[in-house]
Amino acid sequence: AKNATLNALTRHPKDQACGGSSAAKRMQLQAASEMTDDEEIDLEYRRQVYRRAAEIVRQRADEVTWQAFSMTMIEGVSISEAAEKLDRSEGIVYAARSRIVKRLRDVVSELEDG
């Protein structure tokens with residue numbers, strides 16, 4: 001789940017929130033095997049920073065906001081399904097997800113600067 005968060009935060013466009021596929025995972029594995037040692041070290045460093053940022057943001061976020069983010073960005077649940085499960089509007093789910101992504105980026109920036 002934590003690696004999925006990293007991937008979700010670094011992919012573009014920002015609003016894309018679909019679940020992974022076996023084809024995408026195979027492509028990632030193939031690309032990973034072709035990486036140099038320096039690239040692998042850099043990738044692992046970035047993953048650790050994002051993991052720490054996710055821990056910090058999760059502690060500070062309210063439960064529904066984090067769940068909206070987690071369901072749509074990590075688990076690949078659609079916005080409408082997440083809204084239904086959380087008993088919230090789709091707009092609230094979009095906004096919650098956006099807030100968490102912004103907080104994650106801010107914390108990552110802080111961790112890398114300090």
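We count residues from 1, following the sequence as given. Computed from a predicted structure; not experimentally measured.
- Under a 4.0 Å N-O distance rule, the pair E81/K85 qualifies as a salt bridge.
- Taken from CD in E84 to CD in E90, the straight-line distance is 10.0 Å, to the nearest 0.5 Å.
- Between the side chain of T72 and the backbone N or O of A68, at least one donor-acceptor pair lies under 3.5 Å.
- Residue-environment remark: CD (E112) exceeds the threshold of 12 foreign heavy atoms within 6.0 Å.
- Minimum interatomic distance between A54 and W66 (heavy atoms only, all atoms of both residues): O-CH2, 3.9 Å.
- Taking 4.0 Å as the cut-off between side-chain N and carboxylate O, E55 and R52 count as a salt-bridged pair.
- Checking side-chain atoms of E39 against main-chain N and O of T36 turns up a donor-acceptor pair under 3.5 Å.
- The line from CZ of F69 to CG of L104 is 5.0 Å long, rounded to the nearest 0.5 Å.
- Formation of a donor-acceptor pair under 3.5 Å by the R99 side chain with backbone atoms of R97 is not found in this model.
- In this structure, I100 and M73 have side chains that are not in contact, with every pair of non-hydrogen atoms separated by 4.5 Å or more.
- A side-chain N or O of D62 and one of T65 form a donor-acceptor pair less than 3.5 Å apart.
- Nearest heavy atoms, A53 versus L111: N-CD1, 3.8 Å.
- When only modelled atom types and interatomic distance are considered, Q48 and E44 share a side-chain donor-acceptor pair under 3.5 Å.
- V64 and V101 fall into different hydrophobic clusters, where Ile, Leu, Val, Met, Phe, Trp and Tyr residues are linked whenever their side-chain heavy atoms come under 4.5 Å apart, directly or through other members.
- Side-chain atoms of L86 and M71, non-hydrogen and from C-beta on, do get closer than 4.5 Å to each other.
- The cluster map of Ile, Leu, Val, Met, Phe, Trp and Tyr, joined by side-chain heavy atoms under 4.5 Å apart, puts V57 and V49 in the same cluster.
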